[in-house]
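Right, one structure below, let's go through it.
By convention in this document, chain letters (A, B, ...) are assigned in the order of the sequence lines, proteins followed by strands, and residues within each chain are numbered from 1.
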Amino acid sequence: MPPKIQPRLPKGMRDFLPQQMIRREYVFGIVREVFHLYGFEPIQTPVLELRETLMGKYGEDAEKLIFNAQHPGGKEELSLRYDLTVPLARFVAQYPNDITFPFRRYQLSPVWRAERPQRGRYREFYQCDADIVGVQSMSADAEIVSLIVTVMRRLGFPQFSVKINSRKLLTAIGLYAGVQGSALAELYRSIDKFDKIGTDGVREELVRRGLPADVVTRVMELITVQLPGAEKLDFLEDVMGNSTEAAEGLNELRELIEHLRLADVPPQFYEFDFTMVRGLSYYTGPIFETIITEPNLGSVNGGGRYDELVGLFRGESLPTTGMSFGIERIIDLMDILNLYPAEIGGTVVQTLVTVFSPETAAESEKLAAELRRAGIRTELYMLDRQIGKQFGYADKKGIPVVAMLGPDEIAAGQVKLKRLKDGQEISVGRGEAAAAVERLLGA
RNA sequence: GUGGGUAUAGCUCAGUUGGUCAGAGCGUCUGAUUGUGGAUCAGAAGGUCGAGGGUUCAAGUCCCUUUACCCACCCCA
C-alpha cells in the first residue's frame with residue numbers, strides 16, 4: 001500500500017452527507033415552487049465566465065475575492081462566478097432574439113468567493129436568484145419583495161423582516177451631508193454598521209472620518225427616524241424634498257409600498273430602514289435585505305434594482321430588479337429553529353427488504369422489484385448478515401418499514417412487514433405488500 | 001488582509017508542577033440473542049499525541065518555525 005492521502009477539502013468548501021442533502025433539497029424544492037408560483041422560469045449559466053465579464057462590476061474590494069481558474073496553456077482568462085447577477089446581465093444581453101421581455105428568470109446555483117470562512121460563511125455556496133428584466137415600474141420591485149416574503153413564510157420562518165432602502169435616498173443623504181465621491185462609500189460603510197455598533201458607534205465613526213459634528217447629527221436624525229411606515233418617507237421629504245435625487249427615491253418607495261399593499265403583503269414583514277446599505281456597487285434604486293434577528297447569522301437575502309448593469313453588455317440600459325437568497329444561511333437557520341417538517345427524515349428509503357439466507361435471496365430480489373413497480377422507495381439488503389443486523393441497519397438509517405421474507409412466508413406466498421417506530425407487524429399476501437407498506441407509512 | 005485561540009483514536013475530548021500518559025465516552029466490529037432493531041452486558045480493532053526543529057537524563061507536556069482549523073475585525077449570503 002502506498003502511503004495514504006489525507007482526505008481533506010479546500011478551505012471553505014463542504015461535502016454534504018445524504019441526511020444533509022435531503023434537507024437541502026427540501027429547501028430548494030420550496031424555493032423553486034414559490035418561484036414558479038410567481039411565474040419565474042429557470043435558466044442555467046456556466047460556472048466559469050470570462051474574467052472580463054466579471055471585472056469592474058462589483059467594486060474593488062469584492063473583486064479581490066474572485067477566484068481565477070486557469071489551466072496550463074489556457075488562452076482565455078477565466079474566473080469562477082462571484083454571483084448570479086452579473087452572469088444574468090451578460091446572458092440577457094447575449095440573446096436578444098430569444099428572450100421576450102419582461103424576462104423573469106431564476107437560477108439556483110453555487111457561486112465562489114475567496115473569503116476567509118466563518119460561521120455561516122463559505123467559499124462555495126448556493127444562491128437562489130430571481131430577477132425581472134425590462135420593467136421600469138415599481139410593480140416589479142414589489143413582486144420581488146412579495147416573492148421574498150412568500151418564500152420565507154412557506155419555509156416556516158415566523159419572524160423576519162425585509163428591510164427596504166433606496167440607493168437614491170442614500171445618495172441624497174450623502175449630498176445633504178456634503179459627502180461625495182469615494183467618501184460616499186465610506187459614509188455608507190459606517191452607516192451599514194448600525195446594527196453592530198449602534199447609534200453612538202456610527203456617530204463616533206463618522207466624526208472620526210472627519211465629518212463635522214453638526215452634519216453627523218443631521219445625518220443620524222435622518223437615518224434613525226422612528227416613525228411608522230410611510231411617515232418615515234414624509235419626514236425625509238420635509239428635510240430633503242428639494243433634492244431631485246431624494247424626491248425620486250421617495251416617489252419610488254411610495255409606489256413600492258402601494259404595490260405591496262395591493263399585493264396584500266402583510267406589513268409586519270417589511271419596513272424601511274435607511275441604515276441598510278448593500279455592498280455591491282451596481283444597485284441604482286430600491287434595495288432590499290432580509291434579516292432574522294435570532295440567532296444572528298447575518299442576512300439571508302439581498303437584492304435591489306440595478307438598471308445600468310445589463311447596459312454594460314448591451315450598450316443600452318435595461319431596467320432590472322431582483323433578489324438573491326443566501327440559501328446556506330437559510331439552511332443553517334432551518335436547523336437551528338427546527339423548521340423542517342417531521343416527515344423529512346434521514347433517508348429517502350421507505351422500505352428495507354431483508355434477506356433471510358442465500359437460498360431466499362432470489363425471492364427478496366423479486367419482492368424489491370414488485371414494491372418498486374408499485375412506487376415504494378425500496379432498498380434491498382445486500383450483505384450476507386444475520387437478520388438482526390439488517391434490522392439494526394434499517395433502524396440506524398431511519399428506514400420506517402422492514403419487509404421480511406423467510407422460508408415460512410415464501411411457502412405461504414406472504415410477506416411480513418414491520419414498522420420500526422412502534423414495532424407493529426403484519427403479514428400480508430405478496431400482492432398486497434405495496435398497499436400495506438403505504439398504510440404503515442401513512443399512519 | 002489584521003488580531004486572538006486551538007491542534008491527542010473515525011467523532012467529542014481528558015491528560016495536573018516535564019518522569020508507567022498513550023486514556024475516556026461515543027461510533028465501528030464481534031458475541032450474549034444462528035427469524036426481528038432501538039436498551040443492557042462482555043470483548044475487539046483503531047493513535048509515529050498536526051508537521052519540522054530545539055532544550056533536557058527524560059517532551060502531548062517547555063521553546064522556535066510551519067500548516068490546518070475556529071473566533072473576532074474587514075467584507076459579505
Is there a donor on the side chain of [X] or the base of [N] sitting less than 3.5 Å from an acceptor on the other?
X        : N     : result
A:Gln390 : B:G35 : no
A:Gln386 : B:U36 : no
A:Arg116 : B:U2  : yes

Quiz prompt | Minimum heavy-atom distance between A:Val86 and A:Thr53, given as atom pair plus value | solution =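 Closest heavy-atom pair between A:Val86 and A:Thr53: CG1-O, 3.4 Å.
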
If you measure from the [atom1] atom in [N] to the same atom in [M], how many Å do you get, rounded?
N     : M     : atom1 : value
B:U40 : B:G1  : P     : 49 Å
B:U2  : B:U56 : C1'   : 37 Å
B:U20 : B:G31 : C1'   : 32 Å

Need the pair for [N]. Rule: Watson-Crick or G-U wobble, both distances under 3.5 Å, any strand; none if unpaired.
N     : result
B:A42 : B:U30
B:C62 : B:G54
B:U2  : B:A72
B:C11 : B:G25

With heavy atoms under 4.0 Å as the rule, sort [X] into base, sugar-phosphate or nothing.
X        : value
A:Ile387 : sugar-phosphate
A:Lys11  : sugar-phosphate
A:Lys193 : sugar-phosphate

Quiz item: Judged by atom type as modelled, is there a donor-acceptor pair below 3.5 Å linking the side chain of A:Arg305 to the main-chain atoms of A:Pro319?
Solution: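 Here the side-chain-to-backbone pair does not exist.
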
Quiz item: Should the pair A:Tyr306 and A:Tyr283 be assigned to parallel (<30°), tilted (30 to 60°) or perpendicular (>60°) ring geometry?
Solution: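 Rings of A:Tyr306 and A:Tyr283: perpendicular, over 60°.
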
Self-check item: 5′-ward residue of the pair A:Glu289/A:Gly388 relative to RNA chain B
Solution: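 Its nearest nucleotide lies further toward 5', so the answer is A:Gly388.
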
Quiz item: Mapping A:Tyr122 and A:Asp408 onto RNA chain B by nearest heavy atom, which one lands closer to the 5' end?
Solution: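 Its nearest nucleotide being more 5', the pick is A:Asp408.
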
Donor-acceptor pairs are to be reported for all side-chain atoms of residues 148-158 of chain A against protein atoms at under 3.5 Å, with residues two or more places apart or in another chain.
| unit_1 | atom_1 | unit_2 | atom_2 | d |
| --- | --- | --- | --- | --- |
| A:Thr150 | OG1 | A:Tyr38 | OH | 2.7 |
| A:Thr150 | OG1 | A:Ser146 | O | 2.9 |
| A:Arg154 | NH1 | A:Glu33 | OE2 | 3.2 |

